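Computed from a prediction, not measured in an experiment: that's the story for all the values here.
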Amino acid sequence: MLRFIVRRVLQAVPTLFGLSILLFIWVRSLPGGPAYALLPENATAEQRDALRRAMGLDDPVIVQYGAFLGRLAQGDLGESLQTGRPVLTEFAMKFPATVELAVMAMLIAVAVGVPLGYVAARRRGGPLDALVVGGSLVGICTPVFFLAFVLKLLLAEQMGIFPSAFRQTPGIDATRITGLFVVDGIATREWDAAWDALMHLVLPGLALSSIPLAVIVRMTRAGVIEVLGEDYVRTAEAKGLHRRTVRGRHVLRNAMLPVVTAIGLLSGSLLAGAVLTESVFAFGGIGQFIYSATQTRDYPVLLGFILIIAAIYVAINLLVDISYSLLDPRVRVS
């Protein structure tokens, strides 16, 4: 197992290195630049050129990239042009909100998707199967931002069932420990604050979970159908094992192998997919801050945030590989 983990970690290093090169070139090729973001619109060309020289932006790209790697090795991703604070500080402040939203979305997707996929597979070809498959297709095709607007309009603004914006109702004085509002409310036994934060998570969580939910439903259904046709399942049923034992030990455990991989990949994609959802609900996470950075040409934030998200994505994939190897030890030799 240790050799397997080390091999996966070593494979991730060139991936992150190559990504850092692509991101650096992409950010440097964007129109404008820090000189346009830092100086007023009526600044002269001479002032912008002087600022570019002071920031080292006139150096060859390879020299700029080398300086960037040197700062990155020291944990320095630069400072935000919007706030003047270090990029890592901004990320640490915004990340808990996105984590809370992503966890909520994935919990909804798994809690609903796995049972629906299993039931659809057991009733293959029936009306319920057709309904589930059709619903999952709609979920995949519906843009997340459109669903977010619809949920906000219907369930928040018209019906008033859920809050329409922010992470918590303004005016609630809650103790902050981790930045995860629900967790903080439970840890400090401030139940009203925890419940309020949970209610603020429902609508953005539902919107963000639509695509993962549809994917998990379809993969669970396909996996269960495949496993139900295996000889060991028919043998277990012929031996008279209890239906619950056959479902849990023989069907679901083997059918969940590809689903576990999908959950890991989807969990990483939720961090990037939260940009539009957080913007619709003014949620205040890294997604909304990245959107703001694109509007203000805050290139250090764009480069730093995307690179950190990529590193997290790679780490999640590593955890998925480890969990997959625990479920199926045969993958360790691959």
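- Checked by atom type and distance alone, the side chain of D196 never pairs as donor or acceptor with a backbone atom of Q168 at under 3.5 Å.
- Linking ILVMFWY side-chain heavy atoms closer than 4.5 Å, directly or via other members, places V314 and I316 in two distinct hydrophobic clusters.
- Here the closest non-hydrogen pair linking L270 and A105 is CD1-CB, 4.2 Å.
- When hydrophobic clusters are built by joining Ile, Leu, Val, Met, Phe, Trp and Tyr residues whose side-chain heavy atoms come closer than 4.5 Å, directly or via intermediates, L151 is grouped together with M106.
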Side-chain donor/acceptor pairs under 3.5 Å, residues 134-145, sequence neighbours excluded:
unit_1, atom_1, unit_2, atom_2, d
S136, OG, V132, O, 3.4
S136, OG, V133, O, 2.7
S136, OG, R218, NH1, 3.1
T142, OG1, V138, O, 2.6

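- How far CG of L16 is from CG of L307: 7.0 Å, rounded to the nearest 0.5 Å.
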Tabulate below the donor-acceptor pairs under 3.5 Å that side-chain atoms of residues 274-286 make, not counting sequence neighbours, or state none.
unit_1, atom_1, unit_2, atom_2, d
E278, OE1, G285, N, 3.3
E278, OE1, I286, N, 3.4
E278, OE1, G287, N, 2.7
E278, OE1, Q288, N, 2.9
E278, OE2, T98, OG1, 2.7
S279, OG, V275, O, 2.8

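- Proximity of L131 to R123: side-chain heavy atoms (C-beta onward) are nowhere separated by under 4.5 Å.
- At least one donor-acceptor pair closer than 3.5 Å links the side chain of E100 to the backbone N or O of V182.
- Here the shortest heavy-atom pairing between A156 and L203 reads CB-CD1, 3.7 Å.
- Residues H200 and T169 have side chains in contact (heavy-atom distance under 4.5 Å, counting atoms from C-beta outward).
- In this structure, F68 CZ and I21 CD1 are separated by 10.5 Å, a value rounded to the nearest 0.5 Å.
- Side chain of D184 to backbone of I177: a donor-acceptor contact under 3.5 angstrom is found.
- If you chain together hydrophobic residues whose side chains sit under 4.5 Å apart, I172 and I186 never meet in one group.
- Nearest heavy-atom pair, G78 versus D76, reported as atom, atom and distance to 0.1 Å: N-OD1, 2.9 Å.
- The aromatic rings of F17 and Y65 stand perpendicular to each other, their planes meeting at an angle above 60°, with 30° marking the opposite boundary.
- Residues V259 and I263 meet the side-chain proximity criterion, which asks for heavy atoms closer than 4.5 Å.
- Placement of V202 and L153 in two distinct hydrophobic clusters is found when ILVMFWY residues are connected by side-chain heavy-atom separations under 4.5 Å, directly or transitively.
- Applying the 6.0 Å contact sphere to CG of D192 captures no more than 12 heavy atoms from other residues, nucleotides or ligands.
- In the hydrophobic cluster analysis, where Ile, Leu, Val, Met, Phe, Trp and Tyr join through side-chain heavy atoms closer than 4.5 angstrom, V99 is grouped together with L107.
- Minimum heavy-atom separation, G75 to L88: O-CD1, 2.8 Å.
- In this structure, CZ on F95 lies 10.5 Å from CZ on F305, to the nearest 0.5 angstrom.
- Atom CG of L303 is separated from atom OH of Y299 by 12.0 Å, given to the nearest 0.5 angstrom.
- Between L147 and L206, the shortest heavy-atom distance links the atoms CD2-O, 4.3 Å.
- Contact annotation: the side chain of Q82 never approaches that of E90 to less than 4.5 Å [non-hydrogen atoms, C-beta and beyond].
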Evaluation steps, side-chain contact (heavy atoms from CB on, under 4.5 Å), between F181 and R176: CA-CA 7 Å; F181 286 7; R176 302 288 177 237; 3.3 Å; yes
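- Nearest approach of V87 to S80, heavy atoms of both residues: CG2-N, 4.1 Å.
- Rounding to the nearest 0.5 Å gives a distance of 13.5 Å between CZ of F24 and CG of L19.
- Here the straight-line distance linking atom CD1 of I306 with atom CD1 of I290 works out to 6.0 Å at 0.5 Å rounding.
- Annotation: side chain of I308 is in contact with side chain of L77 (closest heavy-atom distance under 4.5 Å).
- Two residues are said to be in side-chain contact when any heavy atoms from C-beta on lie closer than 4.5 Å; E79 and T89 fail this criterion.
- Applying the side-chain contact (heavy atoms from CB on, under 4.5 Å) rule to R124 yields the partners D129, R221, I225; only residues at least two apart in sequence or on another chain are considered.
- The 12-atom threshold is not exceeded at CD1 of I62, counting heavy atoms of other residues, nucleotides or ligands nearer than 6.0 Å.
- A donor-acceptor distance shorter than 3.5 angstrom exists from the side chain of E190 to the backbone of T175, with no hydrogens or angles considered.
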